[in-house]
Amino acid sequence: RYADAFLFHLPEDVCKKLSTNGYELDVDYEVHQREDKTRDNGRLKLNHIILTARPVMSAIPRRQQVNKQAG
């Protein structure tokens, strides 16, 4: 719909994880200056986008103290 928009088709589980900050996002781009400086400053050329999953921090249960009685 927009000249400067991107459309991605991602599975539902990836979308949920992305919306809950489950990925680190790395973007690589280049800035291209126009020869005609009177108009826009330039354009961005998107080289790639990388989603890296964040590690899942699981809760480790605390150890229970064991009372041994001498028998």
Side-chain angles (χ1 to χ4, degrees):
R1 294 181 184 195
Y2 303 99
D4 59 350
F6 294 96
L7 177 65
F8 296 96
H9 297 279
L10 301 171
E12 184 177 342
D13 60 327
V14 174
C15 289
K16 286 181 181 178
K17 193 171 180 180
L18 185 61
S19 68
T20 58
N21 206 19
Y23 289 103
E24 292 181 11
L25 179 71
D26 294 314
V27 179
D28 182 41
Y29 63 91
E30 297 174 14
V31 178
H32 292 277
Q33 297 294 326
R34 291 187 177 193
E35 292 179 14
D36 181 11
K37 300 280 185 180
T38 60
R39 295 186 72 202
D40 202 335
N41 285 341
R43 292 184 178 219
L44 297 178
K45 176 186 174 190
L46 182 63
N47 294 325
H48 62 264
I49 297 174
I50 299 174
L51 293 177
T52 305
R54 293 181 186 258
V56 177
M57 302 301 288
S58 62
I60 300 174
R62 296 185 77 143
R63 295 172 108 185
Q64 300 275 334
Q65 184 178 6
V66 178
N67 294 328
K68 291 187 179 181
Q69 296 178 353

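When reading the values below, keep in mind they use all heavy atoms of this one structure, side chains included, and skip hydrogens, waters and symmetry mates.
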List the atom pairs, with distances to 0.1 Å, where a side-chain N or O of residues 11-18 and a protein N or O form a donor-acceptor pair under 3.5 Å, not counting sequence neighbours.
| unit_1 | atom_1 | unit_2 | atom_2 | d |
| --- | --- | --- | --- | --- |
| Glu12 | OE2 | Lys16 | NZ | 3.3 |

By side chain to side chain contact (heavy atoms under 4.5 Å, CB included), Leu25 pairs with (sequence neighbours left out) Val27, Ile49, Leu51

Nearest 0.5 angstrom please: His32 NE2 to Arg43 CZ, how far? 10.5 Å

Quick one: list whatever passes side chain to side chain contact (heavy atoms under 4.5 Å, CB included) with His48, sequence neighbours left out. Asp28, Ile50

Closest heavy-atom contact between Leu46 and Tyr29? CA-CB, 4.2 Å

